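Just so you know, these numbers come straight off a predicted model, no measurement behind them. When a ligand or atom number is given, it counts from 1 through the structure's own listing order.
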Amino acid sequence: MLLTHATLATMTNGYGLIPDAAVALEGERIAWAGPMADLPAAYRSLPGHDAAGRLVTPGLIDCHTHAVFGGHRAVEFELRLKGASYEEVARAGGGILSTVTATRAASEAELLARALPRVDQLITSGATTIEVKSGYGLTVADELKMLRVARRIGQECPVTVKTTHLAAHAIPPEFKGNAKGYIAEVAIPSLRAAHAEGLVDAVDAFCETIAFSVEELAPLFAEARALGLPVKLHAEQLTDQGGAAFAAQRGALSADHLEYLSPEGIAAMKAAGTVAVILPGAFYTLRETQAPPIAALRAAGVPMAVATDLNPGSSPLASLTLAMNMACTLFRLTPEEALLGTTAHAAKALGLANRGRIVPGLRADLCIWDADHPAELAYRIGATPLSKRIFGGRLDA
Ligand code: DI6
Ligand code: FE
């Protein structure tokens, strides 16, 4: 297939803009991209699709979601508006644990049926690849159930799903006060079992005062390494626990949230090539006041990704373009950084070298937008300017 008359943002070297461009696709791959005038004769006879001057970007990548969960937390939203804090709700057995109760009670089919409309919304906002975490089961069986649902999403929808076993998200009531026991008896056994079933692409945890310390997480990350699985970490969201440096020293693909990230954490991430995943939806929902150190990350040259963190508690957000808008307005990313954050840098946060830019040889996941400049994607508030998507070389119906 040949895409013609595109305003191309290749995302190589910033936007990598090419006006009046063509992209040739062969099977699932990009064969050629460049100015129309330079199109090689070999591609001229391919069946064409005229983009009519529209912006064409790589397919967007949401590199941090909790799209599978039971129930919702609208009631907790209301409680917070009446004065309770996120930590107070969590300590009172609400918060993540109320989603755990609902997720345990739901069947695989029910969880899938609830997740698919959320994933459809992400696709509508331009996603062609999403990451989906477990972490609301917190028993071996329920974590496996969540991961099977995450895999099923990739079979049911035109989207690539990378699964992350969020092995240590919260301490369930049956292990109250016994984080070490939870890691030894649930997190590590469920990781082994899920890996044996081919359900795990990466391992994640929540490092926080209301969750796990770096000492408690060390055996889990050692197990991930033994199994040859990459790690990621929810780090420095509410307090500085030294999580980002801990993760980076273990070669983490990403450290995520990072509102309370220290200069030491930034240096460790830079040294390890760990991506900073910025999640403005959670900051916005929890009405946090300390923004992540964007200027320092930028100065250090740490790649920044932007994701929705789609989850029922801290970020009921299912639009990547709105996440980009929030990253710009709340955190002062530039629109170019925001788009790199949902394309090239998001691919890096998932360890995917075959997507995120428009370059020959990479996977043919593209978005055609009703826009003529890439800054428009982050500029509009809550708009979904997607015209068409190309997923694995095929134009969506
Ligand atoms: N940090 C978050 O923002 C989500 N998980 C995490 O570790 C919140 C999950 C939830 O509140 O349900
Ligand atoms: Fe999260």
Exercise for the section: Please check if any side-chain donor atom of Gln121 sits under 3.5 Å from a side-chain acceptor atom of Ser319, or the reverse. Expected result: no
Exercise for the section: Of the side chain and backbone of Glu208, name the one, both, or neither that has a heavy atom under 4.0 Å from an atom of ligand 1. Expected result: neither
Handout entry: contact_flag Thr99 ligand 1 heavy-atom lt 4.0 Å
Key = no
Exercise for the section: Give a yes or no on whether His257 keeps an N, O or S atom under 2.8 Å from the Fe ion (ligand 2). Expected result: no
Problem - Name of whichever N/O/S atom of Asp309 is nearest to the Fe ion (ligand 2) - result: OD1
Fill in the blank from the handout: Of all the N, O or S atoms in His64, the one nearest to the Fe ion (ligand 2) is NE2
Problem - His66-His234 aromatic ring centre distance below 6.0 Å - result: yes
Practice task
Tell me yes or no: between the side chains of Thr139 and Arg104, is some donor less than 3.5 Å from an acceptor?
Solution key: no
Problem - For ligand 1, the portion of Leu279 having any non-hydrogen atom under 4.0 Å away - result: neither
Practice task
Could you verify whether a donor N or O on one side chain and an acceptor N or O on the other, from Asp62 and Thr308, lie under 3.5 Å apart?
Solution key: yes
Exercise for the section: Going by heavy-atom distance to atom 9 (C) of ligand 1, choose the closest among Phe206, Tyr136, Phe69. Expected result: Tyr136
Handout entry: Salt bridge present between Arg54 and Asp372 (N-O < 4.0 angstrom)
Key = no
Practice task
Would you mind checking which non-hydrogen protein atom is closest to atom 3 (O) of ligand 1, with the distance to 0.1 Å?
Solution key: Ser314 OG, 2.6 Å
Exercise for the section: For this output row, return yes or no: ring centroids of Phe77 and His72 closer than 6.0 angstrom. Expected result: no
Completion exercise
ligand 1 to Asp309, heavy atom cutoff 4.0 Å, flagged ligand atoms 2 (C), 3 (O)
Problem - Distance from atom 1 (N) of ligand 1 to nearest protein heavy atom, with residue and atom - result: Gln237 OE1, 2.9 Å
Practice task
Considering the heavy atoms of Gly313, write down every atom of ligand 1 situated less than 4.0 Å from one of them.
Solution key: 11 (O), 12 (O)
Practice task
Would you tell me whether Arg355 and Thr160 have side-chain atoms, one donor and one acceptor, within less than 3.5 Å of each other?
Solution key: yes
Handout entry: Protein residue, atom and distance nearest to atom 11 (O) of ligand 1, heavy-atom basis
Key = Tyr86 OH, 2.6 Å
Problem - Distance filter under 4.0 Å to Arg73 heavy atoms, resulting ligand 1 atoms - result: 10 (C), 11 (O), 12 (O)
Practice task
Around atom 5 (N) of ligand 1, find the nearest protein heavy atom and jot down its residue, atom name and distance.
Solution key: His169 NE2, 2.8 Å
Exercise for the section: Flag the pair Glu108 / Met146 as yes when at least one side-chain heavy-atom distance between them is below 4.5 Å, and no otherwise. Expected result: no
Practice task
Give the intermediate values and the outcome of side chain to side chain contact (heavy atoms under 4.5 Å, CB included) for residues Leu111 and Thr103.
Solution key: CA-CA 8 Å; Leu111 288 174; Thr103 303; 4.2 Å; yes
